Amino acid sequence: MASVPSLATQVRQRVADALAAALPQEADADPLLRRSDRADFQANGMLALAKRLKANPRDLAGQVAARVDAGDALAEVEVSGPGFLNITVTDAAITSNLAARAADDRLGVPYADAPGTTVVDYAQPNVAKEMHVGHLRSAVIGDALVRLLEFTGETVVRRHHIGDWGTQFGMLIQYLDEHPHELDHAGTDAAAASGEEAASNLNRLYKAARAVFDSDDAFKERSRRRVVALQSGEPETRALWQRFVDESKLYFFSVFDKLDMEVRDADIVGESGYNDMLDETCELLAEAGVAVDSEGALCVFFDDIKGQDGQPVPLIVRKSDGGYGYAATDLSAIRDRVFHLKARTLLYVVDHRQSLHFRMVFETARRMGWLDGDVTATQLAFGTVLGKDGKPFKTRAGTTVRLEDLLDEAIDRASAVVREKADKAVPPLTEAEIAERGAQVGVGAVKYADLSTSAARDYKFDLDQMVSLHGDTSVYLQYAYARIRSILRRAGDAAVPAAHPELPLAPAERALGLHVDGFAAVVAEAAEEYAPHKVAAYLYQLASLFTTFYEHCPVLKADTPAQVENRLFLSALTARTLHTGMSLLGIRTPERL
């Protein structure tokens, strides 16, 4: 089915047509339509237009109002204030438009006009290290962006650029070679080993290797030789390195599974995946004169990037000892994504502290012509997770919080909330259902707290607030959805959700209906701007408007059978919209809570 234009779109077009009829020379003028608390919509475009034309804004607004084709959709168009147009749509138009939206399995959300291929680089843990709270935002924001872009028709290539290369592996590999059973699992089937066991093995081995490395100069020298063997591709060393990668993936997948994220092995292309391209990347940069020799290192310089001493800060592509920096890997990744994957957009969900690095990398790629007007790269730089004290989130001992511990605590808190309400459910929730709902509510609470804040901003991690039934939380949204599903179950066969455009609407019905009708526009805007927080804000307002509707408009005890059906219809469509929107954020909506 074709996308369903919202009433806002339809009203905007009617006002634009009237404006063009009144002032043909201004046919492209924007009526600047927005929602209003004085009417359904307000058009403000005549004010700026009148100022530019040196005309009276109220007179101009009156000329436009007289030419608006009201048809069956508009109940009133009046001039207000200094020259606004206040526009009210008919009740029938609201219900009819919602019926068209309900008939579409996409709720009328359009596909993008010109979809292409986007690579989203997100969730970038490090091999042989535990994931911590710092990995949360990249994973959650990136997953929501993937969902949004795919829903609007974009072809999305997921890339998890894991840290699986570097000098630290010399130490780890050498220690594993000398202690070959350190990564063995308690069970006989390593493939079935738990992520928790994998994390324990890696953590224990890393600490043991570091202790020997710091205290034993002979071991330190053997470790350095292992780095050379790894980089040269020596088979035994590569095999030991692969054990670390495989063990780490067991752990990664367990954490991502707890986060309710789909991460496929094919999507994991770490730093090592671009090793074979590094030499050629450096040669191309040098041949083009984009990178130059500086004290034996291959560097790219920028006129507008200088250090505190006023000297240029270079992007080091190849070090003076012949080793490669992160820049060589990132530039090779751009080449692969642009020329092999044929991506038109590269999106990096990476901590804001790496902004300077990516600014230099992207500018280097532009100088090489790898990025141009048709191919763009953007860093979605996210802020920091803070504790209640407003400082970076740490344990009481001052160490970084393990991501698994954080999620487990959220699930425990949410399970307690679910348990408090379990006896009121009809029928009461079983222990298995309480555990399942607790996980869905707890993980949803963590995700929503992150996604309801603009990615660029820091936010405070407050589990008490996150799992609250009150305020802007995912729990509030999930309970709104479960409440609607309960209403629909109670209706049973006695009444069915059916739209009745002939019926008048109460104020709370109108407000809810108009907001439901705006879902498609919000999704399109959020995908275009890489702004999942806009979907979260929309959903919170949707749940709030439904609460008001529920308080003021009896559903099953409405005045007439037709009104019962109409309110069931509005409730059902609200539930579908909540479910779809929450799914785009990667959050579950349980049927019963």
Side-chain angles (χ1 to χ4, degrees), residues 3-23 26-53 55 57-71 73-91 93-94 97-98 101 107-110 452 454 472 505 507-529 531-546 548-549 577 581:
S3 63
V4 180
S6 67
L7 283 171
T9 299
Q10 296 175 42
V11 172
R12 183 182 294 108
Q13 188 59 55
R14 287 173 187 258
V15 177
D17 290 344
L19 207 160
L23 295 170
E26 301 292 340
D28 295 330
D30 188 343
L32 298 178
L33 190 81
R34 64 178 180 83
R35 288 296 307 278
S36 171
D37 56 0
R38 308 220 172 164
D40 294 330
F41 300 99
Q42 188 176 84
N44 302 333
M46 277 57 71
L47 292 174
L49 192 57
K51 183 177 181 181
R52 184 161 58 82
L53 297 175
R58 280 190 65 88
D59 289 346
L60 177 57
Q63 296 176 42
V64 174
R67 289 171 170 79
V68 172
D69 177 15
L74 306 186
E76 185 177 19
V77 181
E78 70 168 346
V79 178
S80 177
F84 305 127
L85 286 185
N86 283 342
I87 303 161
T88 303
V89 299
T90 65
D91 291 346
I94 294 174
N97 223 57
L98 292 178
R101 204 166 289 289
L107 298 174
V109 177
S452 61
S454 170
D472 189 5
L505 300 176
E509 286 179 287
R510 288 180 58 84
L512 178 59
L514 283 168
H515 192 70
V516 170
D517 192 53
F519 178 63
V522 169
V523 171
E525 181 180 340
E528 183 178 356
E529 298 179 9
H533 70 279
K534 293 193 172 185
V535 175
Y538 170 89
L539 294 174
Y540 173 61
Q541 188 176 1
L542 178 62
S544 300
L545 288 168
F546 179 80
T548 302
F549 160 78
T577 305

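Because the structure is a prediction, the values reported are computed rather than measured. The first residue in the sequence is number 1, and the count goes up from there. The analysis underlying the following values was restricted to heavy atoms, covering all of them including side chains, and did not include hydrogens, waters or symmetry mates.
- For CD of E528, the number of neighbouring non-hydrogen atoms (other residues, nucleotides, ligands) closer than 6.0 Å is 12 at most.
- In this structure, the side chains of E26 and L53 come closer than 4.5 Å at one or more pairs of heavy atoms.
- With contacts defined as side-chain heavy-atom distances shorter than 4.5 Å, the pair V89/Q10 does not qualify.
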Inset, instruction - Report the C-alpha distance between R35 and L514 in whole Å, list the side-chain angles of each, state the deciding distance to 0.1 Å, and finish with yes or no for side-chain contact (heavy atoms from CB on, under 4.5 Å). - result: CA-CA 9 Å; R35 288 296 307 278; L514 283 168; 3.6 Å; yes
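- Residue pairs satisfying the salt bridge (charged side-chain N to carboxylate O under 4.0 Å, His left out) criterion with at least one member in residues 511-525, sequence neighbours excluded, are listed as follows: R101-D517, E525-K534.
- Pairing each heavy atom of S36 with each of R38, the nearest pair is OG-N, 3.0 Å.
- L47 is linked by a side chain to side chain contact (heavy atoms under 4.5 Å, CB included) to P57, P82, F84, counting only residues two or more places apart in sequence or in another chain.
- Residues forming a side chain to side chain contact (heavy atoms under 4.5 Å, CB included) with A20 (at least two apart in sequence, or on another chain): A27.
- Here the side chains of T88 and R510 are in contact, with some heavy-atom distance below 4.5 Å.
- With sequence neighbours left out, the side chain to side chain contact (heavy atoms under 4.5 Å, CB included) criterion links A93 to L7, A73, T90.
- Distance alone, capped at 3.5 Å, places no donor-acceptor pair between the R12 side chain and the P31 backbone.
- Interatomic distance, L505 CG to D91 CG, rounded to the nearest 0.5 Å: 4.0 Å.
- Looking at every heavy atom in both residues, I87 comes nearest to A39 through O-CB, 3.6 Å.
- R34 has its side chain out of reach of F41: every pair of non-hydrogen atoms, C-beta onward, lies at least 4.5 Å apart.
- In this structure, CG in L85 is found 10.0 Å from CZ in R58, a value given to the nearest 0.5 Å.
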With a cut-off of 3.5 Å and sequence neighbours excluded, list every side-chain donor-acceptor pair involving residues 60-69.
unit_1 : atom_1 : unit_2 : atom_2 : d
R67    : NH1    : Q63    : O      : 3.1
D69    : OD1    : G71    : N      : 3.4

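- Taking each heavy atom of D472 and S452 in turn, the nearest pair found is OD2-CB, 4.5 Å.
- Annotation for P5 and N97: closest pair O-ND2, 3.0 Å, computed over non-hydrogen atoms.
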Taking only distance into account, with no hydrogens and no angle test, what donor-acceptor pairs under 3.5 Å do side-chain atoms of residues 537-546 form with protein atoms, sequence neighbours excluded?
unit_1 : atom_1 : unit_2 : atom_2 : d
Y538   : OH     : H515   : O      : 2.6
Y538   : OH     : V516   : O      : 3.3
S544   : OG     : Y540   : O      : 2.9

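- You'll find the side chain of L23 reaches within 4.5 Å of the side chain of L49, heavy atoms only.
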